[in-house]
Amino acid sequence: MEPSKAPEVFLKPYDASDREPEMLELWEKSGYANPDVCIEKGITKPDAEAYSIVLPPPNVTGTLHMGHAAMLAIEDILIRYHRMCGYKTLWVPGTDSAAIATQSKVETDIYKSEKKTRHDLGREELMRRIDAFVEESKTTIINQTKKMGSSLDWSRYAYTMDEKRYAAVMEAFVRMYDAGLIYRGDRIVNWDPKLQTTVSDDEIEYVEQKDPFYHFKYGPFDIGTVRPETKFGDKYVVMHPDDERYAEYKHGQKIDLEWINGPITATIIKDEAADMSFGSGAMTITPAHSTIDFEIAQRHKLDIERVIDDRGILLDIAGEFKGQHIKKARPMIVEKLRAKGLISKVDEGYVHNVATNSRGGGIIEPQIKRQWFIAVNKAVQFPDGKTMTLKERMREAVDSKQTEIMPERFEKIYYHWIDNLRDWCISRQIWFGHRIPAWFKGDEVKVSVESPGPDWEQDPDTLDTWFSSGLWTFSTLGWPEETTDLKTYHPTSVLETGYDILFFWVARMILMSTFLRGEVPFKNVYLHGLVRDGQGRKMSKSLGNIIDPLTMIEKYGADATRLSLIIGAAPGNDVKLSEDRVRGYKHFANKVWNIARFVLENQHESGALQFTLQSKASGKVELLESDRTLVAEAQNVAKAVSENIDIFRLDLAADTIYHFVWDRFAAEILEESKPIFKGEDAAARQSRAAALCEILQISLKLLHPFMPFVTEAIWKELPQKPARPDDSGRSGGDADLLMVAKWPV
RNA sequence: GGGCGGUUAGCUCAGUUGGUAGAGCAUUCGAUUUACACUCGAAAUGUCACAGGUUCGAGCCCUGUACCGCCCACCA
């Protein structure tokens, strides 16, 4: 008996760079990433359960890095698995404007090439430049995203600054304002003197710094500071009420003393904020430039006076130092105090944390400013009738398990964040972003989407980028319109993202969704780890240890790149990635390819692949007992893989199928088959060939979510697509593309 | 200062309700035409950080210690 030939493509090793673009085109043409198409073609039942993920939108102006690649791989696995299982499956793509980052990038570029600042250009011109930059660079990230094999529904693409999302942001602001959740007030905020804008608490990064720590004689007290330049206005001495060292001083008592610019009268304040164990236990306060001092001042209704302006220049109160920049003034002030004999001691090398703007900004200077805030401690009524504060609601969402965070340990971190949450400052003084729908006329303020009249001026500020991001799960689905998409796909099934943005984003989406829709934005939060280099270091340009996903895709294929990010990556744990790892999985792709070749070369024994799944129904060929056992084994693997995916253990799922395919199917089952095919027993040959076909199919399906390209490429070469054994959910038999074939469980 | 995670083979890591220590990569030796050299087979390597405790039995549970990493925090 002559062996039938496998299709000729199998005579060469699998070439990912050759086949992947072809598969991408097949998928794109099919439209199967769009659930509406799947329903139309009878692949998905119209009343099937929905499964949806909204892609955390990458920065429009960025390029794809391994973190994105990991995110795309994980989400695509979940999506492809559920699509194959028959769910009405939607994965919504989008990009983010990343306001501050984008604006400062464009500003920097302009300054480099033209020596012009944004003020030279003006607001309109800068916006034009930014739009042009965004337009140019967004195709880059979109194309790179596609190369990973991400089965996103591009017909639903959203951009945070597009018309619909913009409208959603305006609507959200107005509704929250009307509900009394958004207010405008003078409060102490984080001011970035470099970027000239406020920054939210979460965007602050503490950087360790070494500075001299000065001890001053402040009347009878010893006070310390690293910032002498803020001390001009200090006229209150604060100490703990229980501090026995200062028992003789009474709250409110006045003391005359000599200070930087002459004699002043200081007032004693007893407050528990003073730490008895730190230094002398006594401190002076600068309420206008320190959050804690501001709070003390408010508690005791003390005077609050600004010392430093928005650019870091000393004000009138500094006397002879007025007009100086704080950096330059500091040594001069120290010198003067020293000359007056007011310095008692200097500790060089005092290590402390300095607040900086994590978005490439400067050192934060707390300032009192009139800004827009979201009140997190104010009780309001939610759409579902509940009345509570935002904080309480955010806690409840997770506490009640409406939203489950995985790995579970992150729930604690989430609670901790909420408990320490203060009112959220949402206005920014940068130009690129969503405008605040507030209108001013003299002292009057009106909040509305449209201008109230010709003589009203719009608030020049823009919104914190996370305000719009908070709406993302539902603004992408059409909110505020009550669209079919919104009803079908919200709350979304899973929010999958890196653990580093749990606070920035996840918590804010819960806030926005519960308030504006009365429901959580997602049922599950799955947090993946960070991708690091082979030695566990962060990937960075300066270390030169960046592994570029696109390079890996070119060299080893997207399938290999995906697997390298999945296998061995336990939920929430960082992944250490090396090129060797990616290479190893390329070998695996080729292995699968050759398994298919071997099976196809022997298919003549069973009268073509179509036999396999039909055999039971038609009764044409009876599998031998031993072969039935082998098929059952593959089916058990399918069960194990499914169970692991269901609990987000993609690493274990991938590991299971990997080892079954290589160590069991290829190494043992195929090897054992060789003598059978050489043998004289025709029934045994036929039965074995049929079993191998069956196992191959199961394997391809199980592998497909993890390595969609090579499996789809093999599927395409199957001489005859296997017909489906049953039609639960789909009318067209097993599909033309593996992407929508029925999951084998 | 508070919290979280980690410590298992040379390297990177699994080990899911406690039951004789595992994988990949790397190393060494060997093989080869009914798939695959992007292959196959075999070998070697471990006081599971340390010290106690619970248990018939602990990598796993409890207590403590050490080191590494991360997050949070307004010590002036």
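Please read these numbers as outputs of a predicted model, since none were measured by experiment. Numbers restart at 1 for each chain; the letters A, B, ... are given by sequence-line order, proteins then strands.
- Panel note: side chain A:D574, backbone A:G529; no donor-acceptor pair is recorded below 3.5 Å.
- Between the side chains of A:S344 and A:D222, at least one donor N or O lies within less than 3.5 Å of an accepting N or O.
- Nucleic acid contact class of A:G281 (heavy atoms, under 4.0 Å, all strands): base.
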### Task
For the pair A:D559 and A:R19, evaluate salt bridge (charged side-chain N to carboxylate O under 4.0 Å, His left out) and give the outcome as yes or no after the intermediate values.
CA-CA 11 Å; A:D559 287 333; A:R19 303 306 299 273; over 6 Å; no

### Task
Can you run through RNA chain B from 5' to 3' and write each base as (, ), [, ], | or . depending on how it pairs? Watson-Crick or G-U wobble, both distances under 3.5 Å.
(((((((..((((.....[..)))).(((((.......))))).....(((((..]....))))))))))))....

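- As judged by a 4.0 angstrom heavy-atom cut-off over every strand, A:R649 is placed among residues touching the sugar-phosphate backbone only.
- With hydrogens and angles ignored, a donor-acceptor pair closer than 3.5 Å exists between the side chain of A:K591 and the base of B:C36.
- A gap of 23 Å separates the C1' atoms of B:U34 and B:G30, to the nearest Å.
- Residue A:K678 is classed as a base contact, given a heavy-atom separation below 4.0 Å to a base.
- When heavy atoms are screened at a 4.0 angstrom cut-off, A:Y499 is found touching no nucleic acid atom at all.
- Between B:G18 and B:A23, the distance separating the two C1' atoms is 22 Å to the nearest Å.
- Between the side chains of A:Y81 and A:D646, at least one donor-acceptor pair of N or O atoms lies under 3.5 Å.
- Checked against the 6.0 Å centroid criterion, the rings of A:H215 and A:F213 qualify as a close aromatic pair.
- No engagement by A:A569 is indicated, since no non-hydrogen atom pair under 4.0 Å with the nucleic acid exists.
- Between A:D243 and A:K270, none of the side-chain N atoms (NZ, or NE/NH1/NH2) sits under 4.0 Å from a carboxylate O, so this pair counts as no salt bridge.
- At a threshold of 4.0 angstrom between heavy atoms, the contacts of A:E295 with the nucleic acid are absent.
- Among the atoms of the strands shown, none is found under 4.0 Å from any heavy atom of A:Y415.
- Using a 4.0 Å heavy-atom criterion, one finds that A:A589 contacts no nucleic acid atom at all.
- Residue contacts shown for A:N644 are absent, as no nucleic acid heavy atom lies under 4.0 Å away.
- The pair A:K12-A:D18 fails the salt-bridge criterion, with no side-chain N (NZ, NE, NH1 or NH2) lying under 4.0 Å from an Asp/Glu carboxylate O.
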